Each structure stands twice: as structure tokens, then as C-alpha cells.
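Below you'll find the structure, written out as C-alpha cells, and then a few comments.
In this text, all values refer to a predicted model and were calculated from it rather than measured experimentally. If you read the sequence from its start, that first residue is 1, and numbering goes on from there.
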Amino acid sequence: MTELNVQSLMQAVEQADSAEKLVSAVRRLAASQAEGAIPPLITVLRYNNPGAAVAAVDGLIAQGERVIPYLLDNIDGYNYGARAWATRVFAGIGDPRALAVLLEAAQQDFALSVRRAAAKGLGNLRWDKVAPEDLANTQQQVLQALTQVLQDPEWVVRYAAIAALEQLALSQSELSPVIEKVLTQHRPLETELIVQSRLALALRQLKA
């Protein structure tokens, strides 16, 4: 797609005068897969329009790791909605350059939507992108963070942490025994039925 066409799509986003038109314009811009579309798609994450944000998230994830530097430089520390959408992008891409952001968000962010997305992202990390000399330390950081998130007061965040721990164990088999132990120890402490069910499923998967 030519630069002129991308500029036209960006203008359509800026000039959209209704929620429906904005969603449609963002979808077209996201579909362009042009690197020049990344900054305006990141801006859309700040809008109070979930449909447009979902389209922007999908478009950014589809562009992959080249999105990461732009997004790291433009995290909105004041808009928790924008942080949640940005965290979903990090989670979907799984680039370890976003590890510090995901670790902090999973353990400390006040918004449960951000903590949940960050926990999911920690389970979705692209381990093949982690430098061999950093592998052991990164594994421990992620394991410790997810173990802490199991204590989160919100059940949806704990649910995400269990799913992430399962994924971590399956992708990093050397951690499977310790993760199985962590989940087994948490099992009698979990009070929510749906989380108990997810925990039981994770344990079955690890023992399979």
C-alpha cells in the first residue's frame, strides 16, 4: 500500500464523526499493515471506544514485534483503559522487550483489567526471543510474578495467572515440577469455583 493511501486511511480515522465510522476507519487502517499506521493505532487505544480499540489491538498484534518500540515509548500512565489495551498488545505479541512492563503491571497495577492482561502476557512470552544467558533469570522472574498474582484479590486475575502458569510449564518443561507444586499448594486456598475448575484443569494438563 502506498504512503498516500495510508495517509488517507489515517485522515479517515481523524475525521470520523461517529463511533461507528471510527470503528470502520480503524479497521481499514489496521488492515493496511503499514508501519506508518502504528502511531495512530496506538493513539486509538486512548479513545473511549471499545470497538475501535479492539480493532487497533488486533491490527497492532498482527504487525508483530516492530510495534514494541513504539508502544513502549507511548504507554499512557494516566489512562487505565489505554494501559489495558496496550497490555493486551504486549500479551498478544509476546516480545520479551515488554517483560518489565508486564511484570510490573501484573503485580502492581491498580486496574484489574491491566493485571489480568499482563498475567496472560507473561504466559505468552516468546521464549525463543530470550537470550540464552538471560533465560534462567527470566524464567524465575516470570514464575515469581505469577506465583504472587495467585494471591490477587480479583478472581479473574487469579484465573489468568493459573492459565499463564500452565502455559509456562508447557513451554518451559524444566519448570513444570515447581509449577505443579505451586498450583497444588494454592488449590485448597482458592475460594472461587470457576478458578478452582481452571486450576484442576491446569494440574490435569501438567500430569498428562
Going by side chain to side chain contact (heavy atoms under 4.5 Å, CB included), Thr87 matches just one of Ile75, Val114, Asp109. Which one? Val114

Report whether Leu72 and Tyr80 are members of the same hydrophobic cluster (ILVMFWY, side-chain heavy atoms less than 4.5 Å apart, transitive linking). no

Verify the cluster assignment for Val44 and Val23: are they in a single hydrophobic cluster under the rule of side-chain heavy atoms below 4.5 Å apart? no

Give me each pair satisfying salt bridge (Lys or Arg N to Asp or Glu O under 4.0 Å) with a member in residues 156-174, each pair once, sequence neighbours excluded. Arg158-Glu190, Glu166-Arg198

Show me the donor-acceptor pairs, under 3.5 Å and distance only, between side chains in residues 89-108 and residues at least two apart or in other chains.
{"from": "Asp95", "atom 1": "OD1", "to": "Arg97", "atom 2": "N", "distance (Å)": "2.8"}
{"from": "Asp95", "atom 1": "OD1", "to": "Arg97", "atom 2": "NE", "distance (Å)": "3.1"}
{"from": "Asp95", "atom 1": "OD2", "to": "Arg97", "atom 2": "NE", "distance (Å)": "3.4"}
{"from": "Asp95", "atom 1": "OD2", "to": "Arg97", "atom 2": "NH2", "distance (Å)": "2.9"}
{"from": "Arg97", "atom 1": "NH2", "to": "Glu65", "atom 2": "O", "distance (Å)": "2.9"}
{"from": "Gln107", "atom 1": "NE2", "to": "Leu103", "atom 2": "O", "distance (Å)": "2.9"}

By salt bridge (Lys or Arg N to Asp or Glu O under 4.0 Å), Arg46 pairs with (sequence neighbours left out) Asp76

Keeping to residues at least two apart or across chains, list the salt bridge (Lys or Arg N to Asp or Glu O under 4.0 Å) pairs with something in residues 130-153. Arg115-Asp152

Are Ile179 and Trp127 joined in one hydrophobic group, where the rule is that I, L, V, M, F, W and Y side chains link up if heavy atoms are under 4.5 Å apart? yes

Does the pair Arg204 and Lys207 meet the rule for a side chain to side chain contact (heavy atoms under 4.5 Å, CB included), with working shown? CA-CA 5 Å; Arg204 287 198 300 272; Lys207 293 175 181 178; 6.0 Å; no

List the atom pairs, with distances to 0.1 Å, where a side-chain N or O of residues 11-21 and a protein N or O form a donor-acceptor pair under 3.5 Å, not counting sequence neighbours.
{"from": "Asp17", "atom 1": "OD1", "to": "Lys21", "atom 2": "NZ", "distance (Å)": "3.2"}
{"from": "Ser18", "atom 1": "OG", "to": "Lys21", "atom 2": "N", "distance (Å)": "3.1"}

Non-neighbouring partners of Asp128 that pass salt bridge (Lys or Arg N to Asp or Glu O under 4.0 Å), sequence neighbours left out: Arg126

Does the side chain of Arg28 pick up a donor-acceptor pair with the side chain of Ser32 at under 3.5 Å? no

Tyr159 side chain to Glu192 side chain, donor-acceptor N/O pair below 3.5 angstrom: no

